[in-house]
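One structure is given here, and the rest of the page talks about it.
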Amino acid sequence: MRALILDNIEVFCGEILRKSGIEVKQENKLSRDGLKEVISNYEIVIVRSATKIDAEIIELGKKLRLIGRAGVGVDNIDIEAATNKSILVMNTPGGNTVSAAEHTCGMLLSVARLIPQAHAETAAGIWDRKKWMGVELEGKTLAILGFGKIGQEVARRMTSFGMRILVYDPMIPDEFAQTIGVNLSSLEKCFQEADFITLHTPLNSSTRGLVSKKTIEMMKTGVRIVNCARGGIVNEADLAEELTKGKVAAAAADVFEKEPLSQDSPLLKAPHFIMTPHIAASTIEAQSKVATQIALQIGDWISGKEVVGVVNAASLGLVQNLELQAYIELSEKMGSFVAQYVDGQPKQLTVFLSGSMLGKFSDHIISAVLKGIFKIMGEKNIRHNTALAFAKSKGIVIEVNREKSHQDYTDLVRIEYSTELGKSFVSGFVIGKTAQRINMIDEFTCEVKLEKYLLVYKNRDKPGVIARVGARLLRVNKNIANVSLSRNEEKTKALTIISLDSDVDDDVLERIKNVDDDKLLKKRYYDINKKSHPDFFIHNSPNERRESLLFTADLNVAFKTLKDKITRFYYVSELLLGDSVTELKKIDSLMLMQMMQVQEKVDEFIRGNVLRQEVEVEKKNIMEQRVQVERNMDSLSIEFDTVSSIDERIKIIEAIYKQLVMHKYFGSLLESITKALHSNEK
């Protein structure tokens, strides 16, 4: 096996690899064209941050089995492309934490006393002691934005200087912050009270431009800012302007949006600005640690030992296991759902796993749930292999409960997610190999098909709400792909989940909130369809499901019950009809259009713009249609017992399904019209 080592990685990395029987070639200065020419000769390539291993390089690396990153960040490696080629991507987490923290502390001291500027003038022969009046750190407030490993190490060191530490990190529970002796604060409070601010967040959509003209206005005059995290977190033009104005007394950065720093950057002319060329991790010790660590990890991989630091380990396992992949994807989406569904900072996650398959891969499932949660929190660079450790570093309590089997499901994932503001319970499973479903949200039983854009709201269980919500969506040309309804056993609360083809802006959401007195509306980004009663048993084989439900169930009795419990039949239809039920559900949208048109007329009647006689005519028409639907269902259910062919029975099931959908909507309309007419009489 051959390994190519790039980017001036310490030579003893290669020496360790040779002891494992690997042929090593070290190229400290290799151009991209040069890399493209030779990459096909190697099974292993090891880089720092300078060399970009993108999809093109990966495609050319026909023999590649492992990409090693001597460091933490893997921004320069195309993880997805590597995973698709079954190539391991390995990094060295924690290897440069101390070096980066110490560099940050040095920057904090430098902005307090402007040491580099004082040195430059003194070296130039200018002796001016009064000009370089600094400030002490003792007694000052330091705000640390982002409290991962580096942020925590900075806090420990700066506490010894007598600084008051404020921390902003939406992932950190109060209890964990207290164990380290720091105060958890809001971002606004950090900006308002800090004398010094140091940044330790990842770069993502929520942190880009975190320090800008707008946020600097919230800060004290004379604030000092340090960024040793990622370029782009600070708006460099705004910082240069505020340094010139004197609002910011001093600033320091080791990272920039474009590196090397452009010669026309406004920061180069800004007063009291200190810069270093991305060297926070550049210490003998750090580079020695990461070079040794990556070599030892690769050696363990060669010898078949347990391997750490594999960024895409879970993903690689999924490439060969479609069923596990479906559960991993389901778990990540469930994590994203609860993180949006429950406000506040995460405190505890409990995962319940049922089934032998899930029990074997419990770490993967937990990591997937956490990855979904962290993605919503803005931590988009967290990967499966680091999610659990990251959660523990944030003080989040993780619990897992396993059971070999479940009475109704072959495999089932249930999660309970808690924050300081509340908690929620979500349960999900996979039909066949790939069809992902959620079957419970808190006290609401459902079957939710996971798609993209999702509108979720709760309200008191009463008629007319869905029609009013739908009308507001139609006014802004939002296409409704699916509507799922559920209510609690007491029939006092309802949960509605609407799948949309596109996002909904805040103005529309605000109008929807005013539909009902209850204002509990939330927008979600993974569609959730619904399933009703979980007492229908599930088998692995589609044929088993068909035979069990078609031949052992008393469907005549079931259909009569389903006239009042329409949503329960949705679940039966999903099992019996499979993908064909998607086409049948299009009748939902057609009936919803009719219902909304009638509901609009009812609303106009309440306002006094429509005659009572017109509404009574609509009521009569709907009652007649509903009676005809009931007759159709009775006729079809009788016909069902006269045929024995599975295909013939499926056709009857499809016909009954359409009637059930219409029956449901006619019932809702009648309730709404009756209530309006009754209110008008009063």
Side-chain angles (χ1 to χ4, degrees), residues 98-145 150-151 153-165 191 193-200 211 213 216 219-229 231 233-257 259-286:
V98 171
S99 293
E102 289 181 352
H103 191 79
T104 301
C105 295
M107 290 292 218
L108 288 167
L109 287 165
S110 295
V111 294
R113 304 300 294 271
L114 296 176
I115 296 171
Q117 285 85 348
H119 165 80
E121 281 207 357
T122 304
I126 303 171
W127 190 274
D128 189 346
R129 296 175 63 191
K130 293 182 180 180
K131 181 178 180 179
W132 304 113
M133 184 67 66
V135 296
E136 291 183 350
L137 298 180
E138 185 176 18
K140 300 299 190 300
T141 297
L142 170 64
I144 302 176
L145 309 186
I150 296 173
E153 291 299 325
V154 170
R156 291 187 178 97
R157 285 158 177 75
M158 300 318 293
T159 299
S160 65
F161 278 86
M163 300 191 81
R164 170 187 175 231
I165 308 294
F191 284 147
E193 297 187 10
D195 301 296
F196 292 77
I197 296 174
T198 179
L199 306 171
H200 299 284
V211 174
K213 188 172 184 177
I216 291 173
M219 302 176 191
K220 291 180 177 181
T221 298
V223 68
R224 290 166 166 82
I225 301 169
V226 171
N227 181 20
C228 291
I233 298 173
V234 175
N235 184 308
E236 295 172 2
D238 288 355
L239 177 61
E241 182 180 345
E242 297 303 323
L243 281 164
T244 303
K245 290 180 180 178
K247 173 72 174 184
V248 178
D254 181 57
V255 290
F256 303 92
E257 190 155 12
E259 297 179 1
L261 187 63
S262 172
Q263 289 302 304
D264 60 359
S265 170
L267 289 173
L268 293 174
K269 297 180 181 179
H272 300 172
F273 181 69
I274 300 164
M275 66 194 86
T276 52
H278 205 148
I279 58 170
S282 296
T283 63
I284 294 172
E285 292 82 2

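- The two residues Ala281 and Ser99 come nearest to each other via the heavy atoms CA-CB, 4.2 Å.
- Rounding to the nearest 0.5 Å places CD1 of Ile150 at 11.5 Å from CD1 of Ile144.
- Counting heavy-atom neighbours within 6.0 Å of Arg157 CZ, excluding the residue itself, gives a total above 12.
- If you take CZ on Arg224 and CG on Leu137, they are separated by 9.5 Å, rounding to the nearest 0.5 Å.
- For the pair Ala250 and Leu114, the tightest heavy-atom approach, listed with the atom from each and the gap, is CB-CD2, 3.9 Å.
- Considering CE of Met107 and SG of Cys228, their distance stands at 4.5 Å, rounded to 0.5 Å.
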Q: Apply the test side chain to side chain contact (heavy atoms under 4.5 Å, CB included) to residues Val223 and Phe196: give CA-CA distance (whole Å), side-chain angles for both, the deciding distance (0.1 Å), then the verdict.
A: CA-CA 6 Å; Val223 68; Phe196 292 77; over 6 Å; no

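- Residue Thr159 comes nearest to Ala155 through the heavy atom pair OG1-O, 2.6 Å, listed as atom of the first residue, atom of the second, then distance.
- The main-chain N or O of Ala112 is never found under 3.5 Å from a side-chain atom of Glu136 such that the two would form a donor-acceptor pair.
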*Between Thr244 and Phe273, is a side chain to side chain contact (heavy atoms under 4.5 Å, CB included) present by the stated rule, with each step listed?*
CA-CA 10 Å; Thr244 303; Phe273 181 69; over 6 Å; no

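- For the atom pair Ile216 CD1 and Glu242 CD, the distance stands at 5.0 Å (nearest 0.5 Å).
- Not one N or O on the side chain of Lys247 forms a donor-acceptor pair closer than 3.5 Å with the backbone of Lys213.
- Of all the heavy atoms in Ala194 and Ala143, the pair that sits closest is CB-CB, 3.6 Å.
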- request: Determine, stepwise, if the pair Leu108 / Met163 fulfils side chain to side chain contact (heavy atoms under 4.5 Å, CB included).
  value: CA-CA 12 Å; Leu108 288 167; Met163 300 191 81; 5.6 Å; no

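- A side chain to side chain contact (heavy atoms under 4.5 Å, CB included) with Thr198 is found for exactly one of Val226, Asn227, Val111, namely Val226.
- Atom CG of Asp254 and atom CD1 of Ile274 lie 12.0 Å apart (nearest 0.5 Å).
- For the pair Glu285/Val98, no side-chain contact is recorded, criterion being any heavy-atom separation below 4.5 Å from C-beta on.
- Heavy-atom neighbours of Glu259 CD from other residues, nucleotides or ligands within 6.0 Å: above the threshold of 12.
- Between Met219 and Ile225, the closest side-chain pair of non-hydrogen atoms falls below 4.5 Å.
- Counting only heavy atoms from C-beta outward, the side chains of Asp128 and Lys130 approach each other to under 4.5 Å.
- Counting heavy atoms from C-beta on, the side chains of His200 and Thr104 come closer than 4.5 Å.
- In this structure, Glu236 and Ser265 approach most closely via the heavy-atom pair OE1-OG, 4.4 Å.
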Checking Phe256 against Leu267 for the side chain to side chain contact (heavy atoms under 4.5 Å, CB included) test, could you report, in this order, the C-alpha distance in whole Å, the side-chain angles of both residues, the deciding distance, and whether it holds? CA-CA 10 Å; Phe256 303 92; Leu267 289 173; 4.2 Å; yes

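- Here the NZ-CG distance, from Lys140 to Leu142, works out to 12.0 Å after rounding to the nearest 0.5 Å.
- Leu268 is listed as a side-chain neighbour of Met275, based on a closest heavy-atom distance under 4.5 Å.
- Listed for the Lys220 side chain is a donor-acceptor partner under 3.5 Å among the backbone atoms of Glu193.
- Looking only at side-chain heavy atoms (C-beta outward), Phe161 and Leu109 come within less than 4.5 Å of each other.
- Pairing each heavy atom of Ala118 with each of Thr122, the nearest pair is O-OG1, 2.7 Å.
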